[in-house]
Structures are given as C-alpha cells and as structure tokens.
Amino acid sequence: MPVLERETFASRLLTWYDQHGRHDLPWQQDRTPYRVWVSEIMLQQTQVTTVIPYFERFMARFPDVASLAEASQDEVLHLWTGLGYYARGRNLHKAAQVVMAEHDGRFPVDSLEAMAQLPGIGRSTAGAIIAQSTGQRAVILDGNVKRVLTRLQAVEGWPGRPAVERELWQLAEHYTPHDRVVDFTQAMMDLGATLCRRGQPDCPRCPFHDVCLAHASGEQRRFPESKPKKTTPLRTTRMLLLRDAGGRVLLELRPSTGLWGGLWSLPQFDNDQDLGRWLDEHAPAAERGTPQTSFTHVFSHFRLEITPVPASVEHMDSVSEGWRWYDPQTPDSVGLAAPVKKLLQTLSPFTLSPPAGP
DNA sequence: AAGTCGGGGGC
DNA sequence: GCCCCAGACTT
C-alpha cells in the first residue's frame with residue numbers, strides 16, 4: 001500500500017527538486033532524444049561522474065544519430081574503451097542504424113513498445129528517454145528509483161528478484177504524475193543519487209522523512225536488500241606480447257559477442273603450451289622471452305590472472321582479417337580491453353621486454 | 001530464475 | 001578487501 005497519494009508525492013518531490021536537484025548535467029542541455037538516449041545507455045550500471053567525459057567525447061565525434069549510424073564499429077568501441085559493458089556500445093551503434101533505416105532517422109518516442117524494441121533499450125530506459133526528451137508520461141525504474149521506493153515502502157527482498165521488481169514497477173506507476181514528467185523522473189533519480197543514497201542517507205533533509213517506512217523503523221540502511229553473493233572463480237590466461245622490429249604489437253579481434261566482444265586484445269592462450277604451439281605455426285622465427293609478472297583483472301563474476309609473455313620477430317608478412325599490427329606510439333581508433341590498453345601504455349619504445357604488468 | 005557482461009567509486 | 005552503480009539480454 002502506497003504511503004502517499006500520487007499528487008502529494010509528486011508535489012513534495014518537485015518542490016525539493018526545484019531547490020536541490022541537479023540541473024546542469026551535460027545531457028540536460030539540448031534534450032534531444034538522441035542525446036538523452038546516449039546518456040541513458042552510458043549511465044546503465046555506471047556512475048554519473050564516470051560517464052560525463054565519455055559523453056562529451058562521444059557527442060563531439062557523433063553529434064547526431066546519422067553520424068553514429070555511418071561510423072565503423074571500431075570507432076564507436078574506441079570511444080567506449082574503459083567504460084565497460086561493451087554490448088552497450090555495439091547495441092548503440094546497431095540501434096542508430098535501425099533508427100535511420102526503419103524510423104526515418106527519428107526515434108519512435110511516441111511508442112514505448114517501439115522504443116523498447118531497439119537494441120539495448122529495455123523498459124526503464126525506454127521510459128526515461130520518452131519522459132526526458134518529450135515530457136510524455138512514462139515510468140522509469142532504475143537503481144535510484146528502486147532505492148527510494150524500497151525505503152519509502154519498506155519493500156523486503158532483493159530488487160533483482162522478479163517478484164520484487166514487479167511490486168516496484170507498480171509503485172513507480174502509482175507515484176508517476178502526468179504533469180512535469182521531465183522534472184519528476186530526473187527528481188527521482190536525483191533524490192536517490194544525492195540524498196536517499198546507499199551509504200549514508202540524509203534522512204533529515206528528505207521531503208518524505210515523515211512518511212518513510214524504513215526511516216520510521218530506523219532501518220533505512222537495510223533497504224534495498226543486497227544481492228545474494230556468490231564466490232567469484234579465478235581464471236588464468238597468457239597474453240602474447242609479440243612485437244616486430246618497428247615496436248608494433250600484434251592484436252587479435254575478439255568475437256563479436258561475449259567478453260570484450262568486438263574489442264581488440266592481445267592473443268590469449270590457456271597455457272604456455274598452447275602459446276608455444278601457436279608461435280611454432282605462425283612465427284617460428286620468433287625470439288621468445290620469459291613470462292612477465294602476472295597481474296589480476298577483476299570482473300563482476302570472476303577474476304582473471306593475466307601473464308604477459310613477450311616475444312619478438314623481425315618482420316611478419318601481412319596478417320589476415322581479424323589481426324592487426326598496432327603501434328602503441330601512434331594508436332589507432334579501435335576499442336581495446338582495459339588491461340590491454342594499460343599493458344600497451346607501459347610498453348617502452350626502446351626496450352624489447354615490457355616491464356611488469358600494471 | 002539465474003547467469004553473462006566491465007570498470008571504477010566509495011568505504 | 002567489499003558492494004554497488006540511471007540494466008539489458010540470454011539461457
């Protein structure tokens with residue numbers, strides 16, 4: 001049962017937003033569907049302060065959906081390097097081409113269903129784009145809104161559970177007004193991000209502290225319940241650092257889906273034997289160095305222990321599709337896996353062997 | 001309903 | 001170290 005009527009909730013929230021909300025985020029200027037869309041995709045599972053420089057670079061290079069649709073995937077992923085969840089970048093590129101080909105270059109912002117059919121746009125993101133770029137009533141349910149609602153209503157259970165998520169959608173639907181939807185959706189996210197934050201919520205300044213069920217019980221820190229934790233396995237890999245006489249490094253294109261999909265990486269092998277056999281076949285004249293100090297790269301669901309293995313060749317004939325020689329001193333506009341980018345940055349142009357990993 | 005998909009921030 | 005962040009998609 002909602003603790004407030006829709007209009008009461010919206011009125012209190014908007015009064016707070018006018019005084020304390022965020023009004024100067026880059027995507028709040030010139031709120032076109034395109035700019036709102038790009039920002040919403042970048043902001044999925046990613047904090048605002050991380051997104052801002054990526055958003056600015058992206059807009060400078062791709063000012064509109066047509067320019068994005070015409071770009072190469074390599075260049076799109078280049079601007080995504082370091083942001084993570086690269087399927088977002090691939091889907092963004094794909095969706096731009098769908099908008100150009102099937103929607104005459106304009107986002108279908110009058111249809112929630114049509115928006116949610118575009119790659120990378122789910123129910124909440126579709127609602128956010130529609131609400132923010134057109135002012136039409138649309139409901140959102142992102143992490144901020146979930147936190148606000150689970151506390152306000154003391155909703156038990158991890159919000160990732162479908163049953164809990166259904167309840168939260170109902171609450172979000174109940175509280176979303178018909179007027180000032182642009183500000184309302186932004187206000188919900190601002191409240192969750194700046195005041196009803198995870199760590200130390202500033203309850204005394206909250207416009208709902210008198211009705212919040214979590215606050216009433218003094219248990220605001222218990223909501224939302226955290227995700228059940230699982231043990232993260234450790235995987236190991238060898239990364240071949242094969243350099244030619246010009247100091248260039250051999251890179252391999254990752255498969256288009258899956259981990260680091262569509263990015264360029266160093267050739268990876270499960271063990272030294274596999275790496276050795278690959279060199280025997282493709283670069284028998286290569287001088288093989290000793291493995292460097294390993295380092296660990298952490299993902300959400302596993303840790304990857306990376307052992308760089310240097311090797312050198314004088315020259316190799318042209319490489320086939322899916323391979324390239326990359327000059328770390330004059331980088332190409334391609335997407336690189338984060339630890340690969342770091343490794344390449346540590347390479348000295350004057351030495352054959354790289355230093356220990358980052 | 002659970003697993004996959006990143007990298008960084010905050011504590 | 002840990003948990004989480006303006007989620008979507010696959011199985």
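The chains referred to below are lettered A, B, ... by the order of the sequence lines, with proteins before strands, and numbering in each begins at 1.
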Can you see whether A:Arg222 engages A:Ser217 through a side-chain donor-acceptor pair at a distance of less than 3.5 angstrom? no

Pairs involving residues 67-78 of chain A, ordered by first then second residue, that meet salt bridge (charged side-chain N to carboxylate O under 4.0 Å, His left out) (sequence neighbours left out): A:Arg61-A:Glu75, A:Asp74-A:Arg324

Residue pair A:His20 / A:Trp16, side-chain donor-acceptor N/O under 3.5 Å: no

Remember a base hit wins even if backbone is also touched, and classify A:Trp158 as base, sugar-phosphate or nothing at under 4.0 Å, heavy atoms. nothing

So what does A:Val48 touch, heavy atoms closer than 4.0 Å: a base, only the sugar-phosphate, or nothing? base

Identify, between A:Asn91 and A:Met189, the residue whose nearest nucleotide on DNA chain C lies closer to the 5' end. A:Met189

Nucleotide-resolved protein contact map, nucleotides 3-11 of chain B, B/S/- at heavy-atom distance under 4.0 Å: -SBBBSS--

With P as the reference atom in both, quote the distance from C:dT11 to B:dG6 in angstrom, rounded to an integer. 15 Å

Once Watson-Crick and G-U wobble pairs under 3.5 Å are found, how is DNA chain B written in dot-bracket notation, 5' to 3', with | for any base paired to another strand? |||||.|||||

Closest to the 5' end of DNA chain C, once A:Gly120 and A:Arg22 are matched to their nearest nucleotides, is A:Arg22

Between A:Arg277 and A:Asp280, does any NZ, NE, NH1 or NH2 come within less than 4.0 Å of an OD or OE carboxylate oxygen? no

Using a cut-off of 4.0 Å on non-hydrogen atoms, how would the nucleic acid contact of A:Gln186 be classed: base, sugar-phosphate, or nothing? base

In whole Å, what is the span from the CD atom of A:Glu165 to the P atom of C:dG7? 11 Å

Given the C1' atoms of B:dG3 and C:dA6, what is the spacing between them in whole Å? 22 Å

